[in-house]
Colleague: 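Take this structure, written in structure tokens, and hold onto it; I'll ask about it next.
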Amino acid sequence: RVNLRIPGPTPCPDYVLEAMSRQMINHRGPEFREMIFRVTENLKKVFQTENDLLILTGSGTGAMEAALVNVLSPGDGVLSVSVGVFGDRFAQIAEVYGASVTRLSFTWGTAADPEVIRKAIEENPDIKAVLITHNETSTGVTNDMAAISKVVKEAGKLLLVDAISSLSSLPFYTDQWDCDVVISGSQKGYMVPPGLAFVSVSAMAWEAFKEAKMPRFYWDFGRAKTYLERGQNPWTPAVSVFYGLDVALEGMFREGLENIYQRHARIGQ
Ligand SMILES: *Cc1c(COP(=O)(O)O)cnc(C)c1O
């Protein structure tokens with residue numbers, strides 16, 4: 001038996017692997033349409049959101065890039081909060097696309113301090129968006145999203161959250177915490193192979209989308225939403241990973257989200 005203990009890709013249950021060995025279907029046909037609607041609704045339950053939820057073919061990093069290019073323009077002020085490798089990566093992508101990035105780093109192994117974030121926002125009035133990693137996989141530290149979202153939202157800023165390794169393993173409340181874009185990926189807590197990434201998009205993020213000028217084509221949220229209304233992706237999706245995710249989500253609801261969170265907390269201890 002496998003005993004793979006890395007954060008991702010995680011080992012997959014047999015029923016996920018078996019589902020993925022199925023024959024291809026037309027990704028613009030009725031069977032795919034039913035599947036994408038079902039999977040999207042089930043992911044919304046995991047994200048605890050009523051916002052739009054888009055499924056992108058790519059790894060988590062692709063979805064981080066997508067989050068940035070869909071709500072920002074070159075020159076926009078961004079506060080990038082980092083407690084490790086993945087926080088630094090979020091800042092780096094924003095810099096590559098020409099955002100005006102203020103980096104706020106905390107000692108690795110510690111969590112971000114919401115009061116320091118509040119100060120940084122007050123000192124940089126041009127900030128439009130705050131980037132944060134929920135669970136920093138490189139150090140194992142989880143940031144206090146309830147407290148951080150309170151600070152960011154009191155200041156009226158966009159909140160972009162990398163929850164790639166935490167969503168589905170740790171409690172996450174997209175709507176309660178008023179998160180504008182939340183990112184996750186198939187190969188971490190979902191126990192599905194790599195290949196799909198998920199993003200939730202709030203009404204405030206869609207407002208920002210209308211003005212956002214960063215270049216985008218493959219990652220365009222507008223195209224993804226239009227095609228989702230027809231039960232499709234704009235491009236050819238990772239169909240096999242969809243098969244796996246479909247049954248993985250059913251398995252997760254059989255176990256129960258609360259039980260899953262408790263199991264991870266116990267193993268973490
Ligand atoms: C795994 C991970 C990423 C990168 O995801 P890829 O799928 O490897 O691109 C980013 N952020 C966090 C917190 C992660 O755990």
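The first residue in the sequence is number 1, and the count goes up from there. Just so you know, ligand 1 is whichever comes first in the structure, and atom 1 is the first atom listed for that ligand.
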Colleague: Out of curiosity, is Lys188 lining ligand 1, as in a heavy atom under 4.0 Å away?
Modeller: yes
Colleague: How about Thr174 and Thr49: does a side-chain donor come under 3.5 Å of a side-chain acceptor?
Modeller: no
Colleague: Can you find a heavy atom in the side chain of Glu95 that is under 4.5 Å from one in the side chain of Ser80?
Modeller: no
Colleague: Looking only at protein heavy atoms, which one is nearest to atom 15 (O) of ligand 1, and what is the separation?
Modeller: Thr137 OG1, 2.5 Å
Colleague: May I ask you to identify, for Asp162, whether its side chain, its backbone, both or neither come under 4.0 Å of ligand 1 on a heavy-atom basis?
Modeller: side chain
Colleague: With a 4.0 Å cut-off on heavy atoms, does Ile183 reach ligand 1?
Modeller: no
Colleague: Examine Ser59 against ligand 1 and note whether any of their N/O atoms are separated by less than 3.5 Å.
Modeller: yes
Colleague: Could you see which bit of Gln187 sits under 4.0 Å from ligand 1, with heavy atoms only: side chain, backbone, both or neither?
Modeller: side chain
Colleague: May I ask you to say whether Lys119 pairs ionically with Glu122, meaning some side-chain N is under 4.0 Å from a carboxylate O?
Modeller: no
Colleague: Establish, yes or no, whether the cationic atom of Arg89 lies under 6.0 Å from the six-membered ring centre of Phe86 and within 45° of the ring axis.
Modeller: no
Colleague: Distance under 4.0 Å to a non-hydrogen atom of Arg89: what atoms of ligand 1 satisfy this?
Modeller: 4 (C)
Colleague: Could you tell me which atoms of ligand 1, counted from 1 in the order shown, lie closer than 4.0 angstrom to a heavy atom of Asn135?
Modeller: 13 (C)
Colleague: Check contact between Glu136 and ligand 1, using heavy atoms of the residue and a distance below 4.0 angstrom.
Modeller: no
Colleague: Near Thr61, which atoms of ligand 1 are under 4.0 Å from a heavy atom of that residue?
Modeller: 4 (C), 5 (O), 6 (P), 9 (O)
Colleague: Among pairs that include at least one residue of residues 132-156, which meet salt bridge (Lys or Arg N to Asp or Glu O under 4.0 Å), considering only residues two or more places apart or in two chains?
Modeller: Arg118-Glu154, Lys150-Glu154, Lys153-Asp180
Colleague: Just by distance, with hydrogens left out, do Ser202 and Asn51 show a side-chain donor and acceptor under 3.5 Å apart?
Modeller: no
Colleague: Counting only heavy atoms, which portion of His134 has something under 4.0 Å from ligand 1: side chain, backbone, both, or neither?
Modeller: neither
Colleague: With a 4.5 Å limit on heavy-atom distance, are the side chains of Leu56 and Tyr218 in contact?
Modeller: no
Colleague: Verify whether one side chain among Ser149 and Asp178 offers a donor that lies under 3.5 Å from an acceptor in the other.
Modeller: no
Colleague: Please indicate whether any nitrogen or oxygen in Gly60 is less than 3.5 Å from any nitrogen or oxygen in ligand 1.
Modeller: yes
